[in-house]
Amino acid sequence: MAEQDQYLTDLSQENGNLELQIRALRLENEKCNKELEDLRQENRNLKLEISKLRSSLQDSQNELPSPKDRSGLPENQNELSISKERSGLQDSQNDLPSPKERMSKAVDHKLESNEESRESELQTVLKKPVSKKHWVKLPFQLNSTEHDGQQPQEISTDEPSDNRKQSEDLIKKPLKQCTSPAKAFTACTQPKESLVSIGIDFGTAFTGYSFGFKGAKQIRQPKWGEEYGMNTPKTPTCILFDEDQIFLKFGYDAIMTYTRQTRRNEAKKLYLFDDFKMELYGKVLHRDSLMTAKNGKKMRAMKVFSESLKFMKDHALDMIGKHTSGVKYSASDATWVLTVPAIWSSAAKKFMTEAAIEAGLVSESEPEKLIVALEPEAASVWCKQLPKEGFMEGDLTEAETIEQVSGTQYMVVDCGGGTIDITVHEVVEGGRLKELHRVSGNNLGGQTVDKNFIVFLREIFSENVFDEFEENHPSELKRLMYDFSMCKRYDGEVLVQCPYNLQELARKVKDIEDYFEGNSDAEWESGSILLSGTKLRALHYDCIRGIESLIEGILEKSNLNVRYILLVGGFALSPYVNGFVKEKFGSKYKVLCPVDAALAVVNGAVMFGRMPNVVESRI
């Protein structure tokens with residue numbers, strides 16, 4: 001009874017915390033609305049300035065001498081005079097910023113004044129001119145990393161004025177189009193400067209994206225599933241096609257649509273693929289490789305992956321366009337960073353590159369605008385610039401950020417849903433990175449715990465009952481596994497809500513309490529399964545031993561002087577994973593976990609797009 005009271009007290013405390021967060025979000029929303037109104041006023045002022053410029057140009061034209069006045073001039077002088085006047089008018093027109101440049105300046109006008117003193121100090125330190133930064137503040141319901149001092153440190157994209165002018169010229173002038181992929185890397189295909197960097201984390205269980213505008217600190221990502229009672233920075237990696245293999249839905253929408261069709265007994269006509277990323281692991285793939293859907297039918301793997309990436313591309317561009325005062329962005333305006341597990345083969349990475357091209361992220365004539373980054377490397381780029389407040393432990397011991405101390409060696413352990421990936425980096429001068437150990441990993445990510453939990457449920461309810469539940473109620477199974485994924489973030493006993501239809505199917509055989517008779521690992525408690533802490537730890541056993549083996553194998557190298565072990569990825573939030581690594585290695589190394597551990601890869605991907613050569617050497 002005392003445990004229940006404590007559980008209710010914890011729930012009440014958590015509810016209070018959520019209410020405080022909601023109030024903070026509402027205040028932020030009001031602030032954003034105010035800034036939006038300011039931006040609209042800036043936009044009106046810009047239009048007024050343009051109108052004045054046009055009026056000035058018209059006055060200049062009126063002041064040109066008439067043909068009769070020019071008749072007294074020598075013919076060549078007359079033409080020279082007209083040429084100069086026209087040249088002046090053309091220069092004035094060229095000085096007008098493009099629509100997207102005006103939007104960027106208008107949006108960031110408020111923040112520029114606050115940065116002038118900082119830029120002045122930066123100019124003194126670097127002893128070179130620094131151009132104005134353009135900030136983009138988006139007033140909308142997107143999750144921002146801008147809170148409590150945990151802002152990502154800005155990677156400056158400022159250029160000398162001559163270089164910036166050349167970049168602006170590239171934007172203004174149409175590029176010569178190459179007709180052959182063989183010409184993709186010639187001078188004629190140099191891309192225009194990217195206005196936005198978009199990172200896509202194509203996960204085993206969940207997929208999401210983040211984006212950041214050129215010159216801005218803020219990195220943002222949308223929220224998914226709010227209409228279904230969810231509120232997550234990623235959406236399930238599920239995609240649905242109709243009976244003619246035409247794309248229908250992705251993510252939460254795919255699951256819910258499929259569920260409704262299941263009720264009408266029409267689901268077998270549809271192609272549903274979920275958690276399919278690991279299909280690329282350890283297999284020989286080609287463009288015509290096939291994958292099996294839930295209905296047992298097969299489809300080209302290339303189509304499944306390319307349509308998934310196309311959905312994320314369209315969603316990202318639509319989201320950005322909605323919140324930049326109607327300025328439409330195209331795929332060619334962006335640098336796309338697609339993250340992949342470190343343990344994937346070269347063939348799997350090539351497969352994803354081809355899928356990205358087929359999805360329209362980039363064209364064959366501009367392949368350099370697509371960066372395929374390793375997940376632990378992207379996470380490393382994110383972690384090295386976090387302030388000490390950006391880690392749960394809040395202590396870096398030496399400096400405000402890891403990248404400030406050249407020579408610092410650190411290990412990044414990316415604990416994802418499908419894989420565990422590890423890389424070891426050393427900070428070199430300028431904040432760049434040097435790889436000290438070849439990236440390595442295994443396929444014992446968080447979904448291994450989920451699979452062990454499913455095996456446990458089958459042992460309790462029997463194979464027949466659970467098979468029928470899995471086949472006829474896929475959305476409830478998805479919700480069950482989502483609830484369990486939240487339970488993986490707690491230590492000790494956890495309550496897992498048992499789906500209604502699983503209860504009904506089980507009761508057809510016997511009383512549901514009888515399934516738990518004599519079971520010391522779980523109890524039935526008012527519609528929920530009370531899972532013991534001992535059993536929850538046992539479900540993690542395979543993953544923990546896999547992580548231990550990987551870390552020990554790297555640290556045994558005598559030439560390494562690792563100071564930090566950084567745990568990232570959604571699975572890193574498990575107290576069993578986190579606690580084990582700290583207990584095993586914490587006496588010798590500083591073990592840290594970012595506050596936004598689940599977003600380290602996708603946020604790092606955005607920064608990778610801004611500075612693709614941040615890793616200056618690899619093994």
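Quantities reported herein were computed from a predicted structural model and do not represent experimental measurements.
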Measure the [atom1]-[atom2] distance between [X] and [Y] for me, rounded to the nearest 0.5 Å.
X	Y	atom1	atom2	answer
F351	S345	CZ	OG	11.0 Å
M352	L338	CE	CG	4.5 Å
C238	Y258	SG	OH	11.0 Å
K369	S332	NZ	OG	6.0 Å
F213	S194	CZ	OG	12.5 Å
M607	K384	CE	NZ	6.5 Å

Quick one: does [X]'s side chain get under 4.5 Å of [Y]'s, heavy atoms only?
X	Y	answer
L361	L309	yes
M302	E354	yes
T235	M230	no
E435	T423	yes
I200	W336	yes
T335	I371	yes
V424	Y410	no
R432	N613	yes

Determine the minimum heavy-atom distance between [X] and [Y], stating which atoms define it.
X	Y	result
V427	V405	CB-O, 3.8 Å
T237	G203	OG1-O, 2.9 Å
V337	A373	CG1-CB, 3.9 Å
M319	P222	CE-CB, 4.0 Å
A379	V601	CB-CG2, 4.1 Å
S308	I239	OG-CD1, 3.4 Å

Count the heavy atoms belonging to other residues, nucleotides or ligands that lie under 6.0 Å from CD of E429, then report whether that count exceeds 12.
no
Just checking K349: does its NZ atom have more than 12 heavy atoms from other residues, nucleotides or ligands closer to it than 6.0 angstrom?
yes
Determine, using ring centers only, whether F202 and Y209 are less than 6.0 Å apart.
no
Under 3.5 Å, side chain of [X] to main-chain N/O of [Y], donor-acceptor pair present?
X	Y	value
Q385	W382	yes
S210	I219	no
S306	K303	yes
D333	S330	yes
S197	V606	yes
K313	A359	yes

What do the steps show when you test L240 against L270 for side chain to side chain contact (heavy atoms under 4.5 Å, CB included), and what is the final call?
CA-CA 7 Å; L240 184 66; L270 304 179; 3.9 Å; yes
Evaluate the criterion side chain to side chain contact (heavy atoms under 4.5 Å, CB included) for residue pair Q447 and T204; output intermediate values, then yes/no.
CA-CA 8 Å; Q447 283 201 329; T204 304; 3.1 Å; yes
Taking only distance into account, with no hydrogens and no angle test, what donor-acceptor pairs under 3.5 Å do side-chain atoms of residues 245-253 form with protein atoms, sequence neighbours excluded?
residue, atom, partner, partner atom, Å
Y252, OH, T232, OG1, 3.1
D253, OD1, Y228, OH, 2.7

Mind checking side-chain hydrogen bond (donor to acceptor under 3.5 Å, both in side chains) for S617 and listing every partner two or more places apart, or none if nothing turns up?
none
Does K350 make a cation-pi contact with W344 (under 6.0 Å, within 45 degrees of the axis)?
no
Are S406 and V428 close enough, and set up right, to give a side chain to side chain contact (heavy atoms under 4.5 Å, CB included), and what steps lead you there?
CA-CA 5 Å; S406 295; V428 297; over 6 Å; no
What salt bridge (Lys or Arg N to Asp or Glu O under 4.0 Å) pairs are there with at least one residue in residues 196-208, not counting sequence neighbours?
D201-K234
Decide side chain to side chain contact (heavy atoms under 4.5 Å, CB included) for Y564 and I402; before the verdict, give the C-alpha distance in whole Å, the side-chain angles of both, and the deciding distance to 0.1 Å.
CA-CA 9 Å; Y564 300 104; I402 290 175; 4.2 Å; yes
Going by atom types only, do Y281 and T419 share a side-chain donor-acceptor pair under 3.5 Å?
no
Show your working on salt bridge (Lys or Arg N to Asp or Glu O under 4.0 Å) between E377 and R618 and close with a plain yes or no.
CA-CA 11 Å; E377 283 193 350; R618 294 181 175 87; 2.9 Å; yes
Regarding E358 and R287, does a basic nitrogen lie under 4.0 Å from an acidic carboxylate oxygen?
yes
